[in-house]
Every structure is written in C-alpha cells, then in structure tokens.
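Accompanying notes for the structure given below.
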Amino acid sequence: MDRDRLAQALLDSFLEELEGHVVSLNRDLLALEQAPARAKELIPGLLRTLHSVKGASRAASAAMVENACHRMEEVLEPLIHGRTPTPDLFELCFATVDALDDAGRRLASRQELAGSPLEALLPQLEQAAHGAPPQAPQTPAPAAPPKPPPSPAVEAEPELPASPQVSGEALPVRVSGQKLDALLGRSGELRVAMLRLEGHAESLEALRDDVAGLREQVRGSTSETTLRRVELELARVARVLAQDRRALFQSSTGLDDEVRRSRMLPFEEGCTGLERAARDVAHGLGRRVRMEVHGGGLDLDRSLLQSLREPLLHLVRNAVAHGLEAPEERVRHGKPEEGRVVLSARLRGSRVEVAVEDDGRGLDLEALRERARARGMEAPEDDADAARLVFLPGLSTAAKVTAVSGRGVGLDVVRAQVEALRGSVEVAFKAGQGTRFTLDVPLTLSTLRVLLVSVGGQVLALASEGVDRLLRLSPDAVREVEGRMSWVTPDALVPLASLADVLGLPAGPPKPRPSAVVLSAGTAQAALVVDEVIAEQEVLVRSLGSRVKRARHVAAAAVLPDGRMALLLNPASLVRAAGGRPSAHFFPTPKEQVARRRVVLADDSPTTRMLEQSILEGAGYDVTACADGAEAWERLQAGGADAMVLDVEMPRMDGFQVTEAVRASPRFGRVPVVLVTSREKPEDKARGLQAGASAYIVKSAFDPTSLLETLRRLL
C-alpha cells in the first residue's frame with residue numbers, strides 16, 4: 001500500500017473509532033456530573049478513552065486532536081486525588097467533547113481544523129491544565145443534534161479461518177449499513193418473487209384441472225389420448241414447480257431472517273446522545289434532569305432507530321423545556337429538585353410502542369385553547385382533543401422565544417415524521433404529575449401486509465395493522481350529524497367519507513351496500529368508502545424517493561407480488577381528513593330490491609372472514625358469517641343457503657366435517673361447498689373432494705376473482 005492510501009486508511013479507521021469514543025466520553029462525563037463522589041471510579045475510564053483517542057490521532061496525524069486530548073487528561077487527572085469539579089470544568093469538558101466530534105466531521109469532509117471550535121478551546125484547556133480555575137468556554141462548540149447511533153458497520157464472524165499471524169482469533173468483518181440496506185431490499189424482492197411463484201403454481205393447478213375436465217368431455221375420442229398426455233405433463237411440471245417453490249420459500253425466509261437479525265440494534269443505542277441533549281437544555285434553563293431508558297435491550301431494526309432519532313430528540317428537548325419545572329417550583333410541590341425523563345420501548349405484536357414521559361407540570365390546556373382561539377381556530381371542549389392541539393404547526397404556549405422553544409415548531413414535526421413511518425403519536429398527561437408522548441410505529445419498514453382496495457380506477461394499499469374492520473354499509477347505519485356523515489356504532493359515531501373524495505379521485509357509482517374500510521390512528525377512527533376491496537397481501541415497501549418530498553395522504557410505494565406498484569396510504573392523515581369532510585351521498589335512489597343469493601361463510605380468523613365477506617357482499621351475495629364450522633352448520637339448518645364457503649381448520653367442526661354433514665343431509669345435499677384453506681398438500685385436496693367439496697381454493701394465492709368465478713359457475 002502506498003503512503004497516501006495508508007494515510008487515508010489510518011484516517012478512516014481513526015474517524016470510525018472517534019465516533020464511538022465521543023459517545024463514551026459524553027456518557028461518563030454525564031455520570032460524573034450527576035455523581036461527583038464517584039470520581040475515583042469514573043475518571044480512570046475517561047482517561048483511558050482520552051488516551052485511546054490520543055494514540056489513534058497520533059497515528060492519523062491529527063495533531064490538534066492529540067493535543068486537546070492530552071490537555072483534557074491533565075484537566076481531569078487531579079479529580080482522582082480529591083479536587084472538586086466545578087460547573088465551569090464540566091462546561092469546558094463537554095465543549096471539548098463537542099469540539100472533538102466537530103473535528104471528526106471536518107476531517108471526514110477533508111476540511112482543515114484551523115479556525116475550528118477545537119482550536120478555539122485549546123488556550124482554555126492549556127490554562128486549566130496548568131492549574132488556573134477552569135473558565136466557561138467563551139466560544140463553545142455548537143451543540144449538534146445527536147447523530148444516529150455509531151453503527152455504520154455490523155460485526156460478523158468471517159467464513160474463512162483467521163490468518164495464522166493473528167494468534168488464532170477470528171477477525172471481525174465490518175459490513176456498512178448501506179450494504180445491509182441494499183441486501184434487505186434484495187431479500188424483500190426475492191420474497192415478492194416467491195409470492196408471485198405461488199400464484200403461478202395455483203394457475204398451473206387450475207389449468208391441469210381444466211384439462212382433466214376437458215378430457216372427461218371427449219372420453220372415447222382420439223383427442224382423449226392427447227389430452228391425457230398433456231394432463232400428465234402438467235402434473236409433472238406442477239410437482240417440480242411445487243418442489244422449487246418450497247425450496248425457494250425456505251431459502252428466502254432464511255435469508256430474510258438472517259439479514260434482519262444482522263440489522264438489529266438495541267433500543268438504548270438509538271437513545272445515544274439524548275441524555276446529553278436533555279442535560280444541555282436543562283443546564284441552559286437552570287434545571288436539573290435525570291434521563292432513564294427502559295427496555296433498552298429490545299432489538300430494533302437500525303433503519304427504524306435512525307428514523308426515530310429526530311422525533312425522540314424533539315420530544316426529549318420538549319420534555320425538559322416545557323414539561324419540567326424549575327427546582328424551586330418542584331420543591332414547593334413536594335417533588336425532588338431533579339426532574340425525570342423516561343424513554344421506554346416495548347413490542348405490541350407487529351408494532352413498537354416508544355414513549356417519552358416526564359414528571360413535570362403536565363399540559364396547560366387553557367393556554368392551548370387560548371392560543372388556538374387567538375389563531376381563529378375552534379378550541380375543543382374535550383380535554384383529549386384539546387391536548388392534541390400541541391401537534392398543530394405554529395402553536396406554542398412558551399412565554400418567550402428561546403433556542404429550544406417558543407416558535408411553535410417541533411411537535412408538528414414529530415407528528416409528520418412519525419406518520420411518515422406509518423405510525424401515530426398520542427399525548428396524555430396528569431396535571432401536576434407529568435406528560436407522556438407515545439409513538440406507535442411498525443416493527444419493520446421494508447415489508448408489510450396490506451389490504452388492497454380499488455378507488456377511482458386505481459389500486460391503493462392500506463396497512464392491514466391499521467384496518468379495524470371491513471363494512472358493508474346500509475342506509476340505517478349512516479347518520480348525518482352537523483353536516484358530516486357518520487357510521488353509527490353502539491358506542492360512538494365514526495366519521496364517514498369517500499376515499500375517492502379525500503384523495504381527489506373520480507368517485508364510482510353509488511351502490512346499495514357500498515364497501516367501507518374502518519381505519520384507526522391512535523385513538524381516532526374513520527370509515528372510508530371504497531369502490532372495491534381486492535385482497536390482502538404481503539408487499540415490499542419502497543420510498544417515494546428524494547424528488548417526492550411529501551405527497552398528501554401517501555406514505556410510500558408498495559411493490560405487489562405481480563410486480564405492479566401501488567401507493568401506500570397514510571392512515572393517520574386519512575383519519576384526520578375524513579373527520580372534516582362535508583356530507584356525501586353513498587347510496588343510489590331507492591329501487592326495488594333484487595333477490596340475492598345467500599352464502600354461509602365460515603372462518604375462525606376474523607380478518608380473513610371480514611375480507612371474504614366483503615368480497616362476496618360486493619359481488620351481490622347475502623352473506624352469513626360464522627366463526628367456526630359448527631355455527632355454519634347450525635345457520636344452514638336454520639335458514640338454508642345457496643352455497644357455503646368454508647375454511648378447513650376450525651374449532652368444533654372443521655371444513656371437512658361440515659362438508660360431509662352437508663352431503664349426508666337429504667335437505668341440503670346439493671348445496672355447493674367451496675373450501676378456502678391454507679392446506680395445500682395433494683392429500684388435503686383429495687380428502688376435501690372425497691368429503692364432497694365442490695371446489696378447493698388455496699389461501700396462499702387467494703384471488704377474489706377465482707372465488708367469485710367458482711361460485712358463479714357452481715350456482
């Protein structure tokens with residue numbers, strides 16, 4: 001390696017090392033400031049870190065960094081021997097750490113350190129090192145927002161054995177975060193291809209069945225032999241395709257799991273730097289704060305952690321600046337002088353709940369209402385609605401403008417950033433006891449299970465986790481209240497709007513029983529009328545790209561299993577928009593009702609049951625939905641049916657047992673029975689047909705068109 005390449009390699013290694021050391025220095029200085037009595041325990045660690053930076057900077061020819069670390073060692077060493085640290089000493093040390101961080105960024109961008117904050121601090125460090133009382137820095141380094149956790153690389157064991165020159169230990173291999181992002185994207189594409197292959201396999205099975213049916217029709221003719229040969233070849237190809245599909249499924253699932261595991265980082269790493277930010281805000285306001293992290297060991301995807309950094313920074317600074325009281329006020333109210341800010345994380349199914357909570361004064365609802373009225377807005381009487389005013393842009397209750405508050409920006413940014421992650425943010429408080437902001441975000445940002453709907457001739461995607469239920473609206477379940485339409489439930493009036501109207505798309509013709517999707521965002525709900533509910537599928541999520549800064553009501557793009565793209569909608573934005581829509585007409589002019597075919601549907605999965613019910617009702621069927629096979633059999637005996645659509649694996653009576661009971665019944669023996677199941681083995685299909693099923697559809701490649709076409713043919 002030539003001299004220039006060696007110098008660049010040393011510098012790159014030093015900068016990567018410096019990033020982690022800055023985190024360690026901030027952490028240990030904060031601990032020392034909060035507990036000066038632990039100086040003998042904490043100072044050695046600080047000195048070791050400074051010594052490491054000093055040695056690495058010498059190798060990288062960063063003389064100014066080396067000099068600063070040496071002086072800071074001389075400033076801190078007397079504390080081991082009983083010297084009492086002063087507030088000015090801590091300010092000088094924190095400013096030096098910030099200046100080291102700034103120096104690293106300058107060196108990374110090929111800038112000189114001359115004129116940098118580090119150079120400005122050197123005289124003060126030298127004076128303090130020679131015994132002069134430390135002075136608060138005259139030109140402190142600008143406090144930059146905390147950066148993403150220092151994890152640009154992930155360590156993994158190499159596949160090849162270590163070189164015999166390295167004492168037999170395995171060398172860690174560092175993989176950049178960008179490469180892991182690219183690998184995850186490829187893994188997601190492989191997963192989508194696997195789903196597409198499942199659809200092809202089902203099409204091949206259907207084609208084979210059609211050929212078998214055609215052969216039966218021409219039995220005894222010269223064409224029978226040819227069709228038999230085609231049928232056998234299709235069967236062979238179907239078996240090979242099924243084997244390849246299973247192998248691809250195992251490989252893609254394993255790869256996906258390994259890539260995701262390699263990208264995981266503890267939640268506490270995502271909180272790195274936030275304690276320092278809280279300390280700096282508190283110090284500037286004359287307050288004291290202690291920050292705690294609960295659930296720090298919870299592993300989350302690095303992309304999610306990086307995306308949460310900015311919202312968490314805003315919330316932590318807001319908690320200290322707006323939530324915590326001054327020490328004397330806290331004492332008057334029986335609280336300790338030191339305020340408390342807690343960051344916590346926990347899993348809730350496929351979602352992550354992250355909370356920022358303080359033990360301060362809580363929200364001033366009257367001040368919020370007053371500011372809202374001053375801006376010509378309606379001030380909500382309900383306390384929960386009034387609390388959500390904090391998320392409005394430009395609304396602040398701060399008495400004056402400071403570096404961290406008073407401009408009315410921050411919490412509206414938090415809401416926008418969280419919603420961009422397909423999440424929501426809620427606020428709750430207890431007067432005089434504290435405020436809690438709760439962020440609800442998806443566990444993964446790369447793949448998602450979505451509900452596909454048709455609106456205005458376009459296919460759009462809604463995250464399944466945000467869908468509460470699917471509806472078939474009837475006129476008696478809709479009310480107009482104060483000029484706005486609502487769906488009536490036993491407990492509440494849910495805002496009702498046309499999704500086409502919200503998105504500015506052409507509306508479809510009114511239907512007697514229009515389909516609607518009930519969305520939830522935090523505690524708020526809305527029902528949105530769509531032209532058609534298509535299917536539920538797993539999709540690959542893609543960013544809209546840097547050219548599309550912000551598209552109204554759109555969160556990302558979804559890559560469908562067939563390769564097409566669909567816009568992934570933002571549920572929180574839609575819920576808010578639906579609440580303010582004027583009245584709309586969802587139903588046609590009353591006409592004579594046409595008698596509809598009755599279908600008994602049974603599936604123990606509420607989501608699958610709702611989806612299939614919506615598809616069937618959209619096609620004009622009168623559907624009786626049941627939670628298991630026994631209920632379906634009881635409903636059939638009580639009211640009859642033109643057809644049955646059954647899952648196989650259900651409690652009490654499974655689909656096979658219900659089918660056998662129907663076929664054995666003199667009254668209902670001729671009722672068509674369609675089995676829609678995840679059981680796709682040949683022996684399962686054979687058992688279903690032996691039980692008397694009229695058709696057998698596999699859920700893995702569920703297509704509403706095939707279900708409707710099957711029923712149409714059978715009826």
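Once rounded to the nearest 0.5 Å, the distance linking NZ of K430 with CZ of R436 reads 11.0 Å. Rounding to the nearest 0.5 angstrom, the gap separating the CZ atom in R105 from the CG atom in L15 is 11.5 Å. Atoms CZ and CG, from F94 and N26 in turn, are 6.5 Å apart once rounded to the nearest 0.5 Å. Atom-to-atom distance recorded for R317:CZ and D280:CG is 8.5 Å, nearest 0.5 angstrom. Rounding to the nearest 0.5 Å gives a distance of 6.5 Å between CG of L50 and CG of L76.
Under the side chain to side chain contact (heavy atoms under 4.5 Å, CB included) criterion, E66 pairs with K54, S57, R58, not counting sequence neighbours. Partners of R27 by salt bridge (charged side-chain N to carboxylate O under 4.0 Å, His left out), not counting sequence neighbours: none found.
Between the side chain of R287 and the backbone N or O of A321, at least one donor-acceptor pair lies under 3.5 Å.
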Discussion item. As a quick check of understanding, evaluate salt bridge (charged side-chain N to carboxylate O under 4.0 Å, His left out) for E426 and R388, giving each step before the final call.
Written reply: CA-CA 8 Å; E426 291 290 330; R388 294 191 188 97; 3.3 Å; yes
Worksheet item: Where do L443 and L300 land on the side-chain contact (heavy atoms from CB on, under 4.5 Å) test, with the steps shown first?
Response: CA-CA 7 Å; L443 185 59; L300 300 176; 4.0 Å; yes
Item to complete: Could you walk me through whether D358 and N318 pass side-chain contact (heavy atoms from CB on, under 4.5 Å), step by step?
Response: CA-CA 10 Å; D358 65 69; N318 182 79; over 6 Å; no
Discussion item. Let's go through R276 and D98 carefully: what are the C-alpha distance in whole Å and the side-chain angles of both, what is the deciding distance for side-chain contact (heavy atoms from CB on, under 4.5 Å) to 0.1 Å, and is it a yes or a no?
Written reply: CA-CA 11 Å; R276 171 68 193 281; D98 288 342; 2.6 Å; yes
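Looking at R340 and E338, no side-chain N of the basic residue comes within less than 4.0 Å of a carboxylate O on the acidic one, giving no salt bridge. A salt bridge links K335 with E325: the distance from a Lys NZ or Arg NE/NH1/NH2 to an Asp or Glu carboxylate oxygen falls below 4.0 Å. The pair D440-R351 meets the salt-bridge criterion, since a charged nitrogen lies less than 4.0 angstrom from a carboxylate oxygen.
Side-chain contact of H283 with E91: a donor-acceptor pair under 3.5 Å is present, judged by distance alone.
Considering V316, V418, V390 as possible partners of F437, the one that fulfils the side-chain contact (heavy atoms from CB on, under 4.5 Å) test is V390.
Within 6.0 Å of the CD atom in E112, the count of heavy atoms belonging to other residues, nucleotides or ligands does not exceed 12.
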